[in-house]
2 protein chains.
Amino acid sequence: MPKRTKAEAEATREALLDAAEVIFLERGVSRTSLEQIARQAGMTRGAVYWHFKNKSDLFHAMLDRVKMPLRQLLDDVEDPERPRAPLESLRLATLHALARLQRPRSRRVHTILFHCCESSSDVDILDLHQKLSDECFETMVERFQEAHRTGTLVESVEPEIACRMLMSMFLGLMHDWLRGPDRYDIGEIGPRIIDTFFERITLYPTAGIGTSSAPTESSGSVQ
Amino acid sequence: MPKRTKAEAEATREALLDAAEVIFLERGVSRTSLEQIARQAGMTRGAVYWHFKNKSDLFHAMLDRVKMPLRQLLDDVEDPERPRAPLESLRLATLHALARLQRPRSRRVHTILFHCCESSSDVDILDLHQKLSDECFETMVERFQEAHRTGTLVESVEPEIACRMLMSMFLGLMHDWLRGPDRYDIGEIGPRIIDTFFERITLYPTAGIGTSSAPTESSGSVQ
DNA sequence: ACAGGCATACATACATGAATGTAAACTTGA
DNA sequence: TCAAGTTTACATTCATGTATGTATGCCTGT
């Protein structure tokens, strides 16, 4: 029954993307044909070619439905007008990114990105990750540098190294957990890892990280 | 000129695997045909099908030429009769694994594993990583537990968490660096990351690790 | 030692199937 | 009716696996 209303057309588009997520996940991107995606959505290849130029286009559209967590992380760091201690801000952002990752769609798409698609096949994952990673590093390292200046970051820990440690840990944790999400509860392990990391590199002038009563002064710029 | 000597046949086999590394790297595994591999090696598909059952078999043969660094890491931890402190043994093993990764062949193959192949396409990467990762965790966590018992590991750091931190950091660093090896010198950044990590979780009864005799105080476990 | 015979180490040819992209038909909402 | 949305049909491309061809190295009997 062709030709639905405009809303229905949009619904089939979403259904196609949903289907793509499922099939990409279980067959891998390169091994899934557009017909498999169409059938999973209850359509035919014609519908796919109407809404998307080709598989690569569909893939990008699928990615666009989930904001990348690393980018979202940065946005949430900047979030309120209320300035936090830089390390605390980074910690919360990381935890938030971890929480986002557990949402079904985000989890599926990132699993596909990490484990079910090749670099130079249908989409240039390399550049995609590259830009995100670089942008993420540049923004986060400023926080670490500020923490280092203000003495919140343990002095023997270089800001650039701390930043790469955090990013590597997060990346590695994603990679490992998404490989087999049922092996352990990321909602429990993840925060413990993040918190332990920040606990080990943070110098507390007065109180601890605890819940949120982190001290935000220590304005004695050491230099 | 068919039918070479036995040594020559073995040489073509190696040439085919070399070619596979190159082409897999630049085209991705699923997009490379066996003919492309054969031509890169100066052969035809007949040679490929003589030496290997199919693309999956060839892929596994390629993997077999590089011992997996994580497994090699564990072997080297156990290496001499001389018993080391568990954390120091882990640190050295990690550094050694990092060094191995920089060797051209290892680097190429691991780049392929991380970025140029899908999970359920030609080989089951998931299981492959899974077994390795689990085995690695089980062995390493014992070391961390021992360090925790003997007081070498900072008490507020749980052994299981420390183990996952190290593994995630290493995995994430591999993933990130192999994505664009020319962005930074892993030979310099890597060890600094590893050393900083162990410096931050180690309690030194008397002296420090390499150069830095930094005492890790701040043991006032808050909360 | 050497002449056959056989297995080896490839190359070539072919049959098959599957995925792609496009064009044309169809069907219904606006 | 017109165009958006979807189906069906078709031509093309391409990789795969296999079957066959073939020349050479190696071995064995004498």
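Within every chain, numbering begins at 1; the chains are lettered A, B, ... in the order of the sequence lines, protein sequences first and strands thereafter. Predicted, not measured: the structure shown is a model, and the values here were computed from it.
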Choosing from [options], which nucleotide comes nearest the side chain of [X]?
| X | options | value |
| --- | --- | --- |
| B:Ser33 | D:dT6, C:dA11, D:dT16 | D:dT16 |
| B:Thr44 | C:dA9, C:dT12, D:dT8 | C:dT12 |
| A:His51 | D:dT6, D:dG17, C:dC10 | D:dT6 |
| B:Arg45 | C:dG29, D:dT6, C:dA13 | C:dA13 |

Rounding to an integer number of Å, can you tell me how far [X] [atom1] sits from [N] [atom2]?
| X | N | atom1 | atom2 | answer |
| --- | --- | --- | --- | --- |
| B:Arg31 | D:dT13 | CZ | P | 17 Å |
| A:Phe52 | C:dT22 | CZ | C1' | 19 Å |
| A:Arg27 | C:dA19 | CZ | C1' | 13 Å |
| A:Met43 | D:dT8 | CE | P | 12 Å |
| A:Glu10 | D:dA4 | CD | C1' | 14 Å |
| B:Glu35 | C:dA13 | CD | C1' | 12 Å |
| A:Leu34 | C:dG21 | CG | P | 7 Å |
| A:Glu8 | C:dT27 | CD | P | 17 Å |

Discussion item. What's A:Ala47 touching, base or sugar-phosphate or nothing? Going by heavy atoms closer than 4.0 Å.
Written reply: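 Counting heavy atoms under 4.0 Å across all strands, the contact made by A:Ala47 includes a base.
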
Any [X] side-chain nitrogen or oxygen under 4.0 Å from OP1 or OP2 of [N]:
| X | N | result |
| --- | --- | --- |
| B:Tyr49 | D:dG17 | yes |
| A:Trp50 | D:dG5 | yes |
| B:Lys55 | D:dT16 | yes |
| A:Thr5 | C:dT28 | no |

Fill in: Lys/Arg-Asp/Glu bridge criterion (N-O < 4.0 Å) met for A:Arg143, A:Glu146
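Here A:Arg143 does not pair with A:Glu146 in a salt bridge, since their nearest N and O are not under 4.0 Å apart.
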
Item to complete: May I ask you to say whether B:Arg164 pairs ionically with B:Glu160, meaning some side-chain N is under 4.0 Å from a carboxylate O?
Response: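 No.
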
Worksheet item: Where each residue is assigned the nucleotide of DNA chain C containing its nearest heavy atom, which of A:Lys53 and B:Arg13 is assigned the position nearer the 5′ end?
Response: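 First, find each residue's nearest nucleotide; the 5'-ward one identifies B:Arg13.
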
Worksheet item: If you find the nucleotide of DNA chain C closest to A:Thr32 and the one closest to A:Gly46, which residue's nucleotide is nearer the 5' end?
Response: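 Mapping each residue to its closest nucleotide by heavy atoms, the 5'-most match is A:Thr32.
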
Practice prompt. For A:Asp176 and A:Tyr184, test the side chains for any donor-to-acceptor distance below 3.5 angstrom and give the result as yes or no.
Written response: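 Yes, because at least one side-chain N or O of A:Asp176 sits under 3.5 Å from a partner of the opposite role on A:Tyr184.
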
Worksheet item: Just by modelled atom types, is the B:Ser30 backbone N or O under 3.5 Å from a matching donor or acceptor in the A:Glu118 side chain?
Response: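 Yes.
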
Worksheet item: Using 30° and 60° as the class limits, which term best fits the ring planes of B:His175 and A:Phe114: parallel, tilted or perpendicular?
Response: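 Plane angle between 30° and 60°, so tilted.
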
